[in-house]
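Data block below; observations after.
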Amino acid sequence: MARKKQFDYFGELEHLAKNAHQAAELLEVIARDYSLEKLETDAEQIHLLEREGDQIVQKIMKELYISFITPIDREDIVEITQRLDDVLDTINSIAYLLSSLVVKELTENAKVFITYAVEATAGVLTATKEFAKFKNSKTLHAMIDEVSEIEGKADKLYSDSLKALFTNEQNPIEVIRWKNVYDQLEELLNASESVVDVIGGLVIKNS
């Protein structure tokens, strides 16, 4: 009887991280030539990546139910899966939010946030790849630090953006609109840092 091929948990986690990074890159393309009129069409590929991400999560969870042996503790696989899914879900929600709040033009700060998101999700993808071989990785710890550094820059940008918004904007609708957008962009960077924080903790736990 043929032996069942071992499920590649690390490969599926990497796939999830890759989808998140691709979604961030697509968001950056949207931001570069932003148009509310074509946002729904432009964001469709992000929605497809998010739906594929949900399928990957379901596949991992289903396998955890039936696997006797896993490369690391089950609860740790669940946690990193959920954190990666949070990143992808947040990017997807930003695309929907821009449409539902009828954002007609992006601020320069919003565009910088999205650039940070691309950089952070690239770091998340590299860290997720390196996690499979963490005992011999020469770049994992540097990548964790890099994503945390990007999130730190995003924190300052968030603070500066809110200060400028509440200082200069007289229209309360605009204040509400952009407070929501900046909150969600900040959440995206927080979610990215959360992934590498979990990976860093698991490296210590499994060393």
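- The two residues L26 and I46 come nearest to each other via the heavy atoms CB-CG1, 3.7 Å.
- Atoms CG and CD1, on L13 and I56 in that order, are 9.5 Å from each other to the nearest 0.5 Å.
- Interatomic distance, CZ of F134 versus CD1 of I204, reported as 11.0 Å (0.5 Å rounding).
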(request) Kindly determine whether R32 and E28 satisfy salt bridge (charged side-chain N to carboxylate O under 4.0 Å, His left out), including the steps that lead there. (result) CA-CA 6 Å; R32 201 176 297 141; E28 186 177 43; 3.7 Å; yes
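- Closest of all the heavy-atom pairs between L188 and A117 is CD2-CB, 3.5 Å.
- Closest non-hydrogen pair, M143 versus G123, comes out as CG-O, 3.2 Å.
- In this structure, the separation between CG on L101 and CD1 on I173 is 11.5 Å, given to the nearest 0.5 Å.
- Side-chain contact between T128 and F10: absent, with no pair of heavy atoms (C-beta onward) separated by less than 4.5 Å.
- The environment of CD in E105 is sparse: at most 12 heavy-atom neighbours from other residues, nucleotides or ligands sit within 6.0 Å.
- Cluster membership for I91 and L48, using ILVMFWY side-chain heavy atoms within less than 4.5 angstrom, is not shared.
- With hydrogens and angles ignored, the 3.5 Å screen pairs a side-chain donor or acceptor of T126 with a backbone N or O of A122.
- For the residue pair D42 and Y34, no side-chain donor N or O sits within less than 3.5 Å of a side-chain acceptor on the partner.
- Applying the side chain to side chain donor-acceptor pair (under 3.5 Å) rule to pairs touching residues 162-171 yields nothing, sequence neighbours excluded.
- Between S192 and V124, the closest heavy-atom pair is O-CG2, 3.5 Å.
- Here CG of L98 is found 12.5 Å from CD of E40. Values are rounded to the nearest 0.5 Å.
- Looking at heavy atoms from C-beta onward, K129 lies out of side-chain contact with K18 at the 4.5 angstrom threshold.
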(request) Report the C-alpha distance between E14 and F131 in whole Å, list the side-chain angles of each, state the deciding distance to 0.1 Å, and finish with yes or no for side chain to side chain contact (heavy atoms under 4.5 Å, CB included). (result) CA-CA 9 Å; E14 182 183 328; F131 182 51; over 6 Å; no
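- Nearest heavy-atom pair across K205 and D73 is NZ-OD2, 3.0 Å.
- The aromatic ring centroids of Y116 and F113 lie 6.0 Å or more from each other.
- Looking only at distances, no side-chain donor or acceptor of R83 sits under 3.5 Å from a matching main-chain atom of V198.
- Each salt bridge (Lys or Arg N to Asp or Glu O under 4.0 Å) pair with one or both residues in residues 139-159, not counting sequence neighbours, appears once here: K156-D160.
- Applying the ring pair (Phe, Tyr, Trp, His ring centres under 6.0 Å) definition to pairs two or more places apart or across chains, those involving residues 176-207 are W178-Y182.
- Side-chain contact between E63 and T70: absent, with no pair of heavy atoms (C-beta onward) separated by less than 4.5 Å.
- One side chain, S67 or Y9, offers a donor N or O that lies under 3.5 Å from an acceptor on the other.
- At least one donor-acceptor pair closer than 3.5 Å links the side chain of S137 to the backbone N or O of L140.
- A 4.5 Å side-chain heavy-atom check between V112 and S161 finds every atom pair outside the cut-off.
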(request) Decide side chain to side chain contact (heavy atoms under 4.5 Å, CB included) for E187 and I94; before the verdict, give the C-alpha distance in whole Å, the side-chain angles of both, and the deciding distance to 0.1 Å. (result) CA-CA 10 Å; E187 178 58 33; I94 288 168; over 6 Å; no
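- Put simply, CD on E25 and CD1 on I30 are 12.5 Å apart, with the number rounded to the nearest 0.5 Å.
- Looking at heavy atoms from C-beta onward, I199 lies in side-chain contact with V195 at the 4.5 angstrom threshold.
- Heavy atoms from other residues, nucleotides or ligands lying under 6.0 Å from NZ of K104 number 12 at most.
- Other residues, nucleotides and ligands place more than 12 heavy atoms under 6.0 Å from the NZ atom of K38.
- Using a 4.5 Å heavy-atom cutoff, the side chains of V57 and L84 are not in contact.
- Here the CG atom belonging to L16 is positioned 10.5 Å from the CG atom belonging to L125, to the nearest 0.5 angstrom.
- Heavy-atom minimum distance, I150 versus A120: CD1-N, 3.8 Å.
- Hydrophobic clustering (ILVMFWY, side-chain heavy atoms < 4.5 Å, transitive): V181 and Y96 are in distinct clusters.
- The one candidate from D85, V87, N92 that meets the side-chain contact (heavy atoms from CB on, under 4.5 Å) condition with D89 is D85.
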(request) Please lay out, stage by stage, how R51 and E44 fare under the test salt bridge (charged side-chain N to carboxylate O under 4.0 Å, His left out). (result) CA-CA 11 Å; R51 288 196 286 273; E44 183 55 35; 2.9 Å; yes
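- In this structure the side chain of T90 never reaches within 4.5 angstrom of the side chain of N190, judged on heavy atoms.
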